[in-house]
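Below is one structure, written out as structure tokens; the observations come after it.
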Protein chains: 2
Amino acid sequence: MPKIFDDSNTSTDAPSQTLSRGIRVLEILADARVPLTIDAITAELGVHRSVAYRFIRTLEQHGLVERDAGGRIRLGARLAALASGVAHDLQAEALPELTAAANELGMTCFLVVLDHEECVTLASVEPRHAVATVAQRPGTRHPVTVGAPGKAILTQLSPGAWPVGTDAALAAEVHMAALRGWAESQNEVIPSLHAVAVPLALRGRRPAAIAAVYLPTDREVASVAERLIASATAVRSALDG
Amino acid sequence: MPKIFDDSNTSTDAPSQTLSRGIRVLEILADARVPLTIDAITAELGVHRSVAYRFIRTLEQHGLVERDAGGRIRLGARLAALASGVAHDLQAEALPELTAAANELGMTCFLVVLDHEECVTLASVEPRHAVATVAQRPGTRHPVTVGAPGKAILTQLSPGAWPVGTDAALAAEVHMAALRGWAESQNEVIPSLHAVAVPLALRGRRPAAIAAVYLPTDREVASVAERLIASATAVRSALDG
DNA sequence: AACGACGCGTTCGATAATAGAACACCCGTC
DNA sequence: GACGGGTGTTCTATTATCGAACGCGTCGTT
């Protein structure tokens, strides 16, 4: 079971210990993907049970965690409400564009932003006959060095800011992507699926990308990229205009 | 500008003051819907600036907030990653069903759960020719006493657990919805839109509902409800079976 | 230019919030 | 009935936190 969140913050002590531990409760719960007992959280946190108990009651008051019938802890629905505020203007502008692009292309289209060397999918829209339904759900994360969206995002970063695992082959791909304005990938993030991504650079915002996934086909890749570029341009003019 | 989050927790002092304040930073940011300065957050929190500063640095380390070019604070992308863990098994089971229902009905279908007297939309899928694109985005909240999903959810609660604002008319509607297995609403949550919702009761989980919105039409409402019931049954058997 | 208003980041001591031990309880089950 | 695993509460020493004070840069304005 791979860890979703990196909890190796023993070296870098957070400015606020209590807040950091409380957030780690949320990370542990998201990581577990199944309701946990207080004792399990206690063990994972490495603190006394009464401490974890106090955290959980506080998180409960804010609706960020809930308890199921057996008293186990799970993430609360209001966390989803909080997350809807993440780049909500970007999402508001991008969603109609994603929908239009997805329907015109017949492909799942999604919006990706950079988050500390990782790509996070903020929104995704599926076309009618969806084949990769569960593939890119909002909140999905994967390294920025993998996949078309990652390359499209890397074109917006100076090579010095690239993550350490960036090899020459990837650098070449990013370079080409920067020149022609779009990136592609095959079987990288999702096996047997291809992807096209275009960069979406916005003022005062983390690098982003708009992407589409599709089954290997004889579709003209460049035309897909053109369609995505149109959407990206529309979004950019709406937000930065 | 209506407040999204109720920050009237001056009476109910949270068990962990620090954690509660840190979470309120997130709520304030989600409420503002625009990047804030540290001073603005400080004023809203009612604490000293050095305190808010410490919170923000901690939140920043966890990726829950980011800073734009001007140093202003906004919610971070990793918050979306956290939120994807909310009822992720329910979402995983419901999304394909929502997609199928949305395409077959030609309506936007979405999944709603109860959160402390409010409905929270966890996932929504739009059909090809979407008309209410921006209407029901994940994370949207509205009172449980309004709209078809709310009624479908109220059928799963004992009347004693209903919120205070529940009048007789609503009670009658909920009663009928409980009898026939689905609820409907007109122009309640979204003006000029109708909605149908069916309850989705799951073991050890908050009451939920599957719903569809559509423009006023001569479509047979009962047939829409039947389709939603089929999806709800499929989800229920997958999770509780 | 000088000024004030506004913003950020840091240091530091007193204090209050926290940490963790200990205790009481409930519920299965062996 | 004892046991193990779980929860919730109370209490005190300690420690993390709080908030005042300070320094600094950057705007606009007079």
Side-chain angles (χ1 to χ4, degrees), chain A residues 7 9-29 32 34-76 203-206, chain B residues 7 9-29 32 34-76 203-206:
Chain A
D7 54 353
N9 55 358
T10 49
S11 57
T12 63
D13 47 348
S16 176
Q17 183 193 60
T18 302
L19 177 55
S20 183
R21 286 180 174 177
I23 294 170
R24 273 187 56 200
V25 171
L26 296 178
E27 295 172 347
I28 289 168
L29 285 171
V34 64
L36 294 179
T37 75
I38 289 187
D39 274 14
I41 297 173
T42 296
E44 197 77 21
L45 268 183
V47 301
H48 194 269
R49 192 164 42 76
S50 70
V51 178
Y53 179 64
R54 182 152 26 89
F55 291 157
I56 286 165
R57 271 223 318 251
T58 303
L59 294 170
E60 208 175 0
Q61 284 187 3
H62 285 266
L64 300 190
V65 306
E66 297 169 346
R67 318 193 66 144
D68 66 5
R72 287 181 147 79
I73 319 292
R74 63 172 50 171
L75 293 179
R203 272 187 335 190
R205 225 179 272 257
R206 299 292 169 86
Chain B
D7 54 356
N9 55 359
T10 49
S11 59
T12 62
D13 47 349
S16 175
Q17 185 193 59
T18 302
L19 177 54
S20 183
R21 287 181 177 177
I23 294 170
R24 272 187 56 200
V25 171
L26 297 179
E27 295 173 347
I28 289 168
L29 286 171
V34 63
L36 295 179
T37 76
I38 288 187
D39 274 13
I41 297 172
T42 295
E44 196 78 22
L45 267 183
V47 300
H48 195 269
R49 202 184 63 254
S50 69
V51 178
Y53 179 63
R54 183 152 23 89
F55 290 158
I56 287 165
R57 271 224 316 254
T58 305
L59 293 171
E60 208 176 359
Q61 283 188 3
H62 285 266
L64 301 191
V65 306
E66 298 170 347
R67 318 192 67 142
D68 67 4
R72 287 183 146 77
I73 319 291
R74 63 174 49 173
L75 293 179
R203 273 185 333 189
R205 226 179 270 255
R206 299 291 169 87

Nucleotide N/O to protein N/O under 3.5 Å, stretch nucleotides 23-29 of chain D:
none

Closest non-hydrogen contact found for A:A52 with A:V47 is N-CG2, 4.2 Å
Say you draw a straight line from CG of A:L75 to CG of A:L29; how long is it, rounded to the nearest 0.5 Å? 5.0 Å
Length of the line joining B:I38:CD1 and C:dC8:C1', which is rounded to integer Å: 7 Å
Should we count CZ of B:R72 as having more than 12 external heavy atoms under 6.0 Å? no
Keeping A:T42 on the side-chain end and A:I38 on the backbone end, is there a donor-acceptor pair under 3.5 Å? yes
Expected string for nucleotides 14-19 of chain D under the B/S/- scheme (protein heavy atoms, under 4.0 Å, primed atoms plus P, OP1, OP2 as sugar-phosphate) is --SSBB
So, for B:P15 and A:R54, which heavy atoms are closest and what is the spacing to 0.1 Å? O-CD, 3.3 Å
Taking atom P of C:dG7 as reference, at what distance in whole Å does atom CD1 of B:I56 sit? 13 Å
Ignoring hydrogens, what is the shortest heavy-atom contact between A:D68 and B:G204? Give both atom names and the distance. CB-O, 3.1 Å
Look at the side chain of A:T58 and the backbone N and O of B:L19, then say whether any donor-acceptor pair between them is shorter than 3.5 Å. no
Under the criterion side-chain contact (heavy atoms from CB on, under 4.5 Å), which of B:L59, B:L64, B:L36 is the partner of B:V25? B:L59
With side chain to side chain contact (heavy atoms under 4.5 Å, CB included) as the criterion, how do B:H62 and A:R24 come out once you've worked through the C-alpha distance, each side chain's angles and the decisive distance to 0.1 Å? CA-CA 9 Å; B:H62 285 266; A:R24 273 187 56 200; 3.9 Å; yes
Which heavy-atom pair separates B:F55 from B:L45 by the least distance, and what is that distance? CD1-CD1, 4.2 Å
Which part of the nucleic acid, if any, lies within contact of B:R57, taking any heavy atom under 4.0 Å across all strands shown: a base, the sugar-phosphate backbone alone, or nothing? sugar-phosphate
Can you pull every protein N or O that's under 3.5 Å from an N or O on nucleotides 25-30 of chain C?
none

Distance, rounded to the nearest Å, where A:I41 contributes CD1 and D:dG5 contributes P: 18 Å
B:Y53 OH to D:dA20 P, in whole Å, measures 18 Å
